[in-house]
Chemist: 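Pasting in a structure now, in structure tokens, and then I'll have a few things to ask.
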Amino acid sequence: MELGLDVQKTGSHAVVDVKGEIDVYTAPKLREKLIELVSEGSYDVVVNLEGVDFLDSTGLGVLVGALKRVKAHDGSLSLVCTQDKILKIFKITGLTKVFPIHETVEAATGA
Amino acid sequence: MELGLDVQKTGSHAVVDVKGEIDVYTAPKLREKLIELVSEGSYDVVVNLEGVDFLDSTGLGVLVGALKRVKAHDGSLSLVCTQDKILKIFKITGLTKVFPIHETVEAATGA
Amino acid sequence: MAVVRIEIPPRSPYVGVVRLAVSSLARSAGLDEEKVDDIKIAVSEACANAVLNNEEAGSDDPVSITWNEDDRSVRIEVADRGPTVDTSDTDAVDTQGFSTRAVMSYALLKSLVDGCEFEPRDGGGMTTRLLINR
Amino acid sequence: MAVVRIEIPPRSPYVGVVRLAVSSLARSAGLDEEKVDDIKIAVSEACANAVLNNEEAGSDDPVSITWNEDDRSVRIEVADRGPTVDTSDTDAVDTQGFSTRAVMSYALLKSLVDGCEFEPRDGGGMTTRLLINR
Ligand SMILES: Nc1ncnc2c1ncn2[C@@H]1O[C@H](COP(=O)(O)OP(=O)(O)O)[C@@H](O)[C@H]1O
Ligand SMILES: Nc1ncnc2c1ncn2[C@@H]1O[C@H](COP(=O)(O)OP(=O)(O)O)[C@@H](O)[C@H]1O
């Protein structure tokens with residue numbers, strides 16, 4: 001199982017396009033990528049989940065971990081997601097109150 | 001697992017478009033459809049395998065059975081197939097010598 | 001009553017195989033796509049919990065996933081031979097007030113299926129029992 | 001050495017689940033798409049043979065599929081508790097000269113994988129052993 005991770009820098013934001021399934025096997029790859037971005041000085045991160053067709057607590061754990069890291073640098077972590085089945089996971093776990101969730105990358109970057 | 005079976009009568013031919021996987025579970029559905037056609041008087045049958053992404057000996061057995069049935073009425077059974085992975089199955093089992101295999105439905109019906 | 005059993009090493013690369021097999025079983029059982037998605041997540045949670053606990057403990061004994069269906073329900077068991085886990089602490093938060101992964105896992109399991117129980121196994125390890133009504 | 005085991009009822013609806021799981025294992029093992037396709041067919045043949053023999057005999061004991069991989073090869077075993085099958089008659093033709101399904105199955109198995117053996121099991125049933133070199 002492959003996880004696609006494509007990063008684009010747009011203005012002050014780093015946008016990570018994730019493609020595939022985020023589970024206990026692939027979540028560590030996402031974690032590494034997000035740690036790398038923060039260590040490079042990208043503190044305003046957008047994670048685009050539109051290409052994700054599976055997400056569980058291991059993926060949520062990685063997103064929460066990344067949020068803590070960017071906050072330590074007064075940064076932000078926002079998400080792009082319009083898929084009902086993925087939004088449902090954020091609702092059940094109460095994370096819709098923790099992450100700004102946008103409908104498009106443009107809305108998330110304020111472009 | 002669903003097997004799609006769509007029949008169209010074009011001139012003297014009955015063309016069966018098969019979609020999905022033909023295996024030990026779904027092959028009986030194809031057999032029934034082919035028996036039905038012959039019992040309705042369709043003796044020149046084309047089976048279009050372009051939408052098939054799996055075929056094993058149970059599917060081959062059904063095609064050979066149908067060939068015997070149409071031959072008993074001086075009919076014909078031809079196939080449409082351009083997919084290497086499906087053609088390979090016919091080659092290994094020697095059935096490329098038994099079935100006329102065409103690249104298009106038009107070529108198979110002589111339209 | 002149809003029973004399918006899958007045994008995997010207690011390691012993360014195998015959880016995807018289970019998810020794929022279980023979603024195919026769920027579709028064949030005639031469940032709708034929303035229930036199929038719920039089952040995929042619940043089984044992945046149970047397997048992830050088992051794999052994480054087994055990896056931490058260095059256990060190599062297989063995790064077994066049992067699928068049981070009848071006219072009224074589907075029951076799925078995920079059983080491992082890792083450590084016995086205390087599943088009573090279901091709202092642990094970290095120092096910054098965020099829920100831990102374990103707590104989010106628990107929330108998903110409780111919410112997505114009609115029944116979810118954790119039980120220590122004779123001989124060591126845990127069993128997660130999932131119930132899905134048709 | 002990674003071992004995955006799947007047990008299904010000896011009935012045709014479950015063969016697709018095995019095919020799906022095995023193709024996912026084959027892809028994770030890094031095999032190319034052509035080998036993945038070959039394995040899908042070989043495993044489906046072994047399972048179809050087992051299911052057909054078990055259905056005919058009315059046997060309900062599970063068919064077990066075992067996946068074993070190491071650096072050099074993948075070995076897959078399909079074992080059932082159906083009748084003992086005579087696998088020596090490998091070029092049977094019917095009255096009109098067409099190969100039987102069983103013979104075509106045998107031809108596919110022999111051609112698509114690097115090794116294929118049939119063996120009666122202690123306690124009844126057959127084992128089909130498939131070897132795929134990397
Ligand atoms: N092996 C297991 N069997 C059944 N349930 C488990 C198992 N491990 C964890 N759980 C449940 O899932 C949650 C995950 O726990 P754990 O994996 O220890 O979390 P963490 O990621 O914080 O280490 C627990 O709170 C419990 O509800
Ligand atoms: N249970 C089994 N275990 C291993 N190999 C088998 C089994 N059943 C059949 N085979 C092999 O596959 C072929 C299929 O046999 P069988 O299912 O009896 O054919 P048929 O469809 O004509 O009844 C046999 O010739 C043999 O090579």
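So that the names make sense, note that chain A is the first sequence line, chain B the second, and so on, each numbered from 1.
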Chemist: With only heavy atoms counted, which part of Val62(B) is less than 4.5 Å from chain D, the side chain, the backbone, both or neither?
Modeler: neither
Chemist: Just give me the residue among Leu112(D), Asp37(D), Val51(D), Val17(D) that pairs up with chain B most often, heavy atom to heavy atom, under 4.5 Å.
Modeler: Asp37(D)
Chemist: At a 4.5 Å cut-off on heavy atoms, which part of Lys110(D) comes close to chain B: side chain, backbone, both, or neither?
Modeler: neither
Chemist: Side chain, backbone, both or neither: which part of Lys71(B) has a non-hydrogen atom closer than 4.5 Å to chain D?
Modeler: neither
Chemist: With respect to chain B, which residue among Cys47(D), Ala107(D), Ser44(D) yields the maximal number of heavy-atom pairs within a distance under 4.5 Å?
Modeler: Ser44(D)
Chemist: Please say whether more than 12 non-hydrogen atoms of neighbouring residues, nucleotides or ligands are located less than 6.0 Å from CD in Gln83(B).
Modeler: yes
Chemist: Under 4.0 Å between a side-chain nitrogen and a carboxylate oxygen: does that hold for Asp80(D) and Arg121(D)?
Modeler: no
Chemist: Under 4.5 Å heavy-atom distance to chain B, tell me which part of Arg19(D) shows up: side chain, backbone, both or neither.
Modeler: side chain
Chemist: Would you call the rings of His73(B) and Tyr43(B) parallel, tilted or perpendicular, where under 30° means parallel and over 60° means perpendicular?
Modeler: parallel
Chemist: Should we say atom CD of Glu36(B) is surrounded by more than 12 heavy atoms from elsewhere, each under 6.0 Å from it?
Modeler: yes
Chemist: Would you say the ring centers of Tyr25(B) and Tyr14(D) fall short of 6.0 Å from each other?
Modeler: no
Chemist: So which part of Leu67(B) gets closer than 4.5 Å to some heavy atom of chain D, the side chain, the backbone, both or neither?
Modeler: side chain
Chemist: Can you check whether Ser57(B)'s main-chain N or O pairs, donor with acceptor, with Glu45(D)'s side chain at less than 3.5 Å?
Modeler: yes
